[in-house]
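Remarks on the structure that follows.
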Protein chains: 2
Amino acid sequence: MAMDKQETILPNGLFMDLERSGPIPLYFQVSQRIEKAILSGELPAGSRLENEVALGERLGLSRPTVRRAIQEIVDKGLLVRRRGIGTQVVHGQVTRKVELTSLYDDLTNTQKVPSTTLLVLETVAADASIGEKLAVAEGSPTLHLRRVRLADDVPVAVMENWLPEEFIGIEPDDLVQHGLYQVLRSRGVTMRVARQRIGARKSTAEESALLDIDKNSALLTMDRTAFDNSGRAVEFGHHCYRPDLYSFEVTLVEK
Amino acid sequence: MAMDKQETILPNGLFMDLERSGPIPLYFQVSQRIEKAILSGELPAGSRLENEVALGERLGLSRPTVRRAIQEIVDKGLLVRRRGIGTQVVHGQVTRKVELTSLYDDLTNTQKVPSTTLLVLETVAADASIGEKLAVAEGSPTLHLRRVRLADDVPVAVMENWLPEEFIGIEPDDLVQHGLYQVLRSRGVTMRVARQRIGARKSTAEESALLDIDKNSALLTMDRTAFDNSGRAVEFGHHCYRPDLYSFEVTLVEK
DNA sequence: TATGGCAAGTTGTTATGACATTATCATCTC
DNA sequence: GAGATGATAATGTCATAACAACTTGCCATA
């Protein structure tokens, strides 16, 4: 056990160039540095981080600021805290923290070249189900999309989406050149929350053709409602992924 | 827009009986009350919560305490905050926040009667892959489990798990009567983090029989490594679920 | 040798206080 | 009427300070 509890003192150099009066919060900068040390192995799995009080003194920061920095990393599942003992690094290989991004952004972030085949771009009247998901009246106009996403020219997903009336003017070319969330961001939308249901089912004949897989293959599915920074629904989607090419990484952190 | 931004003042009665010197933190009690108001519709979707400063004054609490209470709910994806505007309720039907629990606990929490068929309980030497997942040396003894989980006597999942050496004494009867995490908790384990990969694949012939589904059906899969409060891996599992009976609800919240 | 008590160590909670940043609204000027 | 400016409103960041609760180690006593 002694080995697991070894305290690791991070070098001063790691925090030497914190920008004290720039736009980036200090707690964020400190958490980035500590996280970097974890990912690089400088703060090895099982070891203890220097205590909050000492770290704050060393960095010339208040304890709440240091606590906040550490809490950011705890929330990512990389550190765990224990009263009386200290803060330890979680074992195991670290997976990328899942972000509220579109598949396009995901693929780009993992060094793949995303591309898009636009199958459908139309205005349709919301049925009861879509109306409920988007919190709009049944029958009100919505933008309906259907696309195939490819990574390095291999089809990965079939994606069907519905957006509220205000997005009806989105151009086909934008959807081909960019991910949907990029397009929404360029229109000033700030995405804050997504509620997702992940499941599986057999592929339809059409999906099998679009994804270049055998008929009746297993598909990984994800239904999503995304909300902006005023709490309003801005997108509902039903996505189907090839499970050999895509999966979901989820980290759960207990309070 | 005016309608969406209506401020809702929660009645004093909602906070009347906060226990000021009990073991439960004040921020936690306040967040529970606000969450209750959201779930009951008293704080309707799109409306604004009373501002932090006023709420603190009204409740006789400091602003950081109120902020902490609100942040708990923001982290669950039920509220969104905007500087200069306030805190709004996210639209849409609320799903249960996913917790770090076993399927047994999940089922119990959704008023189903869980039961277990224990297929395998044995000690095996960890191969390279399991050794890596559990951070134990290849070849070291691990507890290997294979079970079918039923809900109301219908098979829902086939679950295969590996646990480190210290749990080798777990009794078969415990695993039949309780969920795995219950058993670990009763042994003093505090679970803090789980890393999960969710995917899909076709069922094997054996799985099809165990789950009472057609051959080559789609299965929803989840691989999980769970860590305790010292950051040590305490379980690796590979679970397969019937997608018609089980899916994953995941809420993503952007910082 | 085993048990209990106490001190030290570390995180957890809460408070007071101050200032910064963003958003909205009202007013003024052209 | 449109744009700019200033005031107000509300969240975001950071600091100082104090106390509580849990964990571990050491020492004294039976």
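Residue numbers begin at 1 in each chain, while the letters A, B, ... track the order of the sequences.
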For nucleotides 9-11 of chain D, list the nitrogen or oxygen atoms of the protein found under 3.5 Å from its nitrogen or oxygen atoms, one pair per line.
unit_1, atom_1, unit_2, atom_2, d
dA10(D), OP2, N51(B), ND2, 3.3
dA10(D), N3, G84(B), N, 3.3
dT11(D), OP1, T87(B), OG1, 3.4
dT11(D), OP2, E52(B), N, 3.1

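The closest side-chain donor-acceptor pair between Y27(B) and Q71(B), if any, does not fall under 3.5 angstrom. A donor atom on one side chain and an acceptor atom on the other are found under 3.5 Å apart for H239(B) and N161(B).
E57(B) places its CD atom 13 Å from the P atom of dA15(C), with the value rounded to the nearest Å. The CD-P distance, from Q71(B) to dT14(C), rounds to 15 Å in whole Å. Between R68(A) atom CZ and dA15(D) atom P there is a gap of 13 Å when expressed in whole angstrom units. In this entry the distance linking CG of N229(B) with P of dT11(C) reads 14 Å, nearest Å. Here the P atom of nucleotide dG12(D) and the CG atom of L79(B) are 12 Å apart, to the nearest Å.
Looking at residues two or more places apart in sequence or on another chain, you find a side chain to side chain contact (heavy atoms under 4.5 Å, CB included) between T116(B) and Y104(B), R147(B), R149(B). Every residue two or more places apart in sequence or in another chain that forms a salt bridge (Lys or Arg N to Asp or Glu O under 4.0 Å) with D17(B) is listed here: R33(B). Under the salt bridge (Lys or Arg N to Asp or Glu O under 4.0 Å) criterion, R224(B) pairs with no residue, sequence neighbours left out. With sequence neighbours excluded, no residue forms a salt bridge (Lys or Arg N to Asp or Glu O under 4.0 Å) with R83(B). Applying the salt bridge (Lys or Arg N to Asp or Glu O under 4.0 Å) criterion to D228(B), with sequence neighbours excluded, gives R232(B). Residues satisfying the side chain to side chain contact (heavy atoms under 4.5 Å, CB included) criterion with A125(A), sequence neighbours excluded, are absent altogether.
Pairs passing the salt bridge (charged side-chain N to carboxylate O under 4.0 Å, His left out) check and including a residue from residues 62-73 of chain B, sequence neighbours excluded, read E52(B)-R63(B), E52(B)-R67(B), R68(B)-E72(B). Each side-chain hydrogen bond (donor to acceptor under 3.5 Å, both in side chains) pair with one or both residues in residues 130-141 of chain A, not counting sequence neighbours, would appear here, but there are none.
Using a 4.0 Å cut-off on heavy atoms, none of the residues of residues 20-38 of chain A approach DNA chain C. Contact check of residues 186-195 of chain A against DNA chain D (heavy atom, cut-off under 4.0 Å) returns no residues at all.
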Show me the donor-acceptor pairs, under 3.5 Å and distance only, between side chains in residues 184-194 of chain A and residues at least two apart or in other chains.
unit_1, atom_1, unit_2, atom_2, d
R185(A), NH2, D105(A), OD2, 3.2
S186(A), OG, V183(A), O, 2.7
R192(A), NH1, R81(B), O, 2.8

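Of the side-chain N and O atoms in T65(A), one or more sit less than 4.0 angstrom from OP1 or OP2 of dA15(D).
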